[in-house]
Visitor: 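Here's a structure for you.
For reference, positions follow the sequence shown, starting with 1. Every value quoted in this text rests on a predicted model; they were computed, and no experiment measured them. What you see below is based on every heavy atom in this structure, not just the backbone, and it leaves out hydrogens, waters and symmetry mates.
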Amino acid sequence: MQIKLKGIGTRLKEARDRLGLSQHNFAQVGGVNRMTQGRYEAEVNFPGVDYLYLLSQGGIDATYILTGTAEADMTCIDSAEVLAKVMTWVDDLSVKHNYPLSPAKRVQISLHLYREMVRSGREKAPSLADLLRIADE
């Protein structure tokens, strides 16, 4: 028996749009290809546990994706500009120090730094030590 997860495609697209990611990049976080991502968003197919687990490891609220109810401690992305700035910092550090990041780890670190930035009012770029600390969590 297959359970139809009505609305999951819309929530996946919302999460992807909120992060400013293409279907291809979001699919990489979940370990699938762009075509599969498109089929999930169109609700032609429904994701499995592995995909949802990888999304959660990338900092995406899998509970919200599945149920439509956000986890209580999930920080909403209020500013795409701030998130873009943080992702640029992460990319720059990664390249400068030859520290390759998987797409999932890139998103996870960026979301963590975004939350820290919003909470503390931080305005400066993170250090390599910050990046490594978060990557090891």
Visitor: If I compare all heavy atoms of Ile65 with all of Arg11, which pair ends up nearest, and what's the gap?
Guide: O-NE, 2.9 Å
Visitor: Using every non-hydrogen atom in the two residues, find where Val86 and Ser110 come nearest and quote the distance to one decimal.
Guide: CG1-O, 3.4 Å
Visitor: Looking only at non-hydrogen atoms, find the nearest pair between Thr10 and Glu43 and report the distance.
Guide: N-OE2, 3.9 Å
Visitor: Minimum heavy-atom separation for Asn98 to Pro100, with atom names?
Guide: O-CD, 3.3 Å
Visitor: Should Thr36 and Asn33 be marked as a side-chain hydrogen bond (donor to acceptor under 3.5 Å, both in side chains) after you check the CA-CA gap, both sets of side-chain angles, and the distance that decides it?
Guide: CA-CA 5 Å; Thr36 299; Asn33 62 42; 3.0 Å; yes
Visitor: Cluster question for you: counting only ILVMFWY and a side-chain heavy-atom cut-off of under 4.5 Å, with indirect links fine, are Ile60 and Ile8 together?
Guide: yes
Visitor: Out of curiosity, does Leu113 fall in the hydrophobic cluster containing Tyr99 (side-chain heavy atoms, cut-off under 4.5 Å, transitive links)?
Guide: yes
Visitor: Using the rule that two of Ile, Leu, Val, Met, Phe, Trp, Tyr join whenever any of their side-chain heavy atoms come within less than 4.5 Å, decide whether Leu55 and Phe46 are in one cluster.
Guide: yes
Visitor: Establish whether Phe26 and Leu52 are linked, either directly or via other cluster members, by ILVMFWY side-chain heavy-atom contacts under 4.5 Å.
Guide: yes
Visitor: As a quick check of understanding, evaluate side-chain hydrogen bond (donor to acceptor under 3.5 Å, both in side chains) for Tyr51 and Gln37, giving each step before the final call.
Guide: CA-CA 10 Å; Tyr51 171 84; Gln37 181 66 37; 2.6 Å; yes
Visitor: Can you see which heavy atom on Leu19 is nearest to which on Met87, and at what distance?
Guide: O-SD, 4.4 Å
Visitor: Looking at Gly58 and Val29, what are the two nearest heavy atoms and their distance?
Guide: CA-CG1, 4.3 Å
Visitor: List for me each residue that meets side chain to side chain contact (heavy atoms under 4.5 Å, CB included) alongside Ser22, sequence neighbours excluded, and say none if there are none.
Guide: His24, Asn25
Visitor: If you group Ile, Leu, Val, Met, Phe, Trp and Tyr by side-chain heavy-atom gaps below 4.5 Å, do Tyr64 and Leu54 land in one group?
Guide: no
Visitor: In Å and rounded to the nearest 0.5 Å, what is the CD to CE distance from Gln23 to Met35?
Guide: 10.5 Å
Visitor: Is there a donor-acceptor contact under 3.5 Å from the side chain of Thr88 to the main chain of Ala84?
Guide: yes
